[in-house]
Amino acid sequence: DSLIIISTRRDGVLALDTAGKVQWHHNLRTGLCSNAVLTVFIDSYGNIWLGTWSGGLNFISHRPSMFSTFPFDPNVSNTRSLTDKTVLGLCFDSHNRLWAAMDGGGVVMIENGQRKATLSTEQLGTSDNTFDTAYRSSDGKLWFGSYGGWVAMADENTLQFRAIKLEPQNGNTHADVRCFFEDINGNMLIGTGSGIYVIDKEGQLTRHYDTSNSGIGEDNVHSISRDSQGNYWIGTFGQGLSILSPAIKKKKK
């Protein structure tokens with residue numbers, strides 16, 4: 001179909017169909033180097049070349065992009081945007097909704113290419129709005145961990161959140177939540193700046209591991225995984241990788 005390409009000096013470039021309907025619109029928010037597009041050239045392949053004021057040359061391929069972007073935009077009415085520039089955790093639920101943990105912008109839910117919800121302290125029950133990680137467990141629960149040591153959890157269908165505050169142990173000052181890992185019994189292992197906390201299937205905090213009672217190399221745990229023999233692989237911030245037995249005891253380093 002024929003498109004009319006219109007360049008502007010203040011809002012990038014857009015394409016209209018013959019009925020005057022906007023088919024696409026590109027500007028700084030969607031990746032152009034400048035909003036001032038002064039000249040447009042379409043080559044024999046259908047690629048579009050844009051000459052801009054102070055932003056150099058931009059290129060729009062004739063093939064659909066493999067990627068779409070959700071940039072930060074302080075204008076909350078823009079549903080194709082995020083609430084912060086930094087995304088620290090991602091997970092999908094069974095309804096094909098993407099949940100993004102934001103560094104200061106709460107938790108964002110994206111569905112069908114649009115931001116449909118933004119959850120913050122009020123909805124999640126936490127005292128801080130900086131979330132480092134997101135996870136969906138096998139029983140359909142969503143888990144979000146905050147820098148302030150909060151774990152917010154809810155069934156993905158009801159979205160009625162309950163939050164647990166993790167208190168630092170072993171002389172540590174922070175229990176910032178960095179990762180989640182579900183074990184074979186459905187318990188949630190939570191890596192933090194104060195070791196590993198365990199929450200059972202009923203949502204109760206049951207155990208805590210740190211350098212004083214386990215084989216963890218240091219208390220600042222950033223990743224947890226498990227191999228086919230049941231050994232745990234624990235990634236730390238400053239002491240490398242620890243390989244522990246199924247009982248979280250030291251095996252080798």
Grouping I, L, V, M, F, W and Y whenever their side-chain heavy atoms are under 4.5 Å apart, do Leu159 and Ile164 come out in a common cluster?
no
So, taking the atom named OG in Ser137 and the one named CZ in Phe180, what distance separates them when rounded to the nearest 0.5 Å?
9.5 Å
Please check if any side-chain donor atom of Ser81 sits under 3.5 Å from a side-chain acceptor atom of Asn75, or the reverse.
no
Tell me if a side-chain donor or acceptor on Glu218 pairs with a main-chain N or O of Gly238 at a distance below 3.5 Å.
yes
Can you establish whether the number of heavy atoms outside Lys165 located under 6.0 Å from its atom NZ is more than 12?
yes
Taking atom CG of Asp93 and atom CG of Asp155, what is their separation to the nearest 0.5 Å?
10.0 Å
Thr121 side chain to Asn129 backbone, donor-acceptor under 3.5 Å
no
Look at the side chain of Asp227 and the backbone N and O of Gln229, then say whether any donor-acceptor pair between them is shorter than 3.5 Å.
yes
Does Lys201 pair with Asp139 as a salt bridge, N-O distance under 4.0 Å?
no
Mind checking what makes ring pair (Phe, Tyr, Trp, His ring centres under 6.0 Å) contact with Tyr197, not counting sequence neighbours?
His208
Is the shortest side-chain heavy-atom distance between Arg136 and Trp99 below 4.5 Å?
no
Can Leu119 be reached from Val151 by stepping across I, L, V, M, F, W or Y side chains whose heavy atoms are under 4.5 Å apart?
no
Ignoring hydrogens and angles, state whether a donor on the side chain of His174 or Asn220 is under 3.5 Å from an acceptor on the partner side chain.
no
Please tabulate, one pair per line, all N/O donor-acceptor pairs under 3.5 Å involving side-chain atoms of residues 185-192, not counting sequence neighbours.
from: Asn187; atom 1: ND2; to: Asp183; atom 2: OD2; distance (Å): 3.2
from: Thr192; atom 1: OG1; to: Ser194; atom 2: N; distance (Å): 2.8
from: Thr192; atom 1: OG1; to: Gly195; atom 2: N; distance (Å): 3.4
from: Thr192; atom 1: OG1; to: Gly195; atom 2: O; distance (Å): 2.9

dist Lys116:NZ -> Ile110:CD1 (nearest 0.5 Å) comes out at 11.0 Å
Do side-chain atoms of Asp128 reach the backbone of Gly148 as a donor and acceptor pair under 3.5 angstrom?
yes
Is there a donor-acceptor pair under 3.5 Å between the side chain of Arg80 and the backbone N or O of Thr30?
no
Determine whether more than 12 heavy atoms belonging to other residues, nucleotides or ligands lie under 6.0 Å from atom CZ of Arg162.
yes
Inter-residue atom distance Glu167.CD - Leu205.CG, 0.5 Å rounding:
10.0 Å
Partner of Phe131 under side-chain contact (heavy atoms from CB on, under 4.5 Å), picked from Val87, Thr126, Asp103, is Thr126
For Trp233, does the CH2 atom have more than 12 heavy-atom neighbours from other residues, nucleotides or ligands under 6.0 Å away?
no
Do His25 side-chain atoms and Asp11 backbone N/O form a donor-acceptor pair below 3.5 Å?
yes
I'd like to know if Arg178 and Asp132 make a salt bridge, using a cut-off of under 4.0 Å between side-chain N and carboxylate O.
yes
Can you name the ring pair (Phe, Tyr, Trp, His ring centres under 6.0 Å) partners of Phe70, sequence neighbours left out?
none
Donor-acceptor check, side chain of Asn35 to backbone of Asn27, threshold 3.5 angstrom: yes or no?
no
Using a strict threshold of under 4.0 Å (side-chain N to carboxylate O), is an ion pair present between Asp17 and Lys21?
no
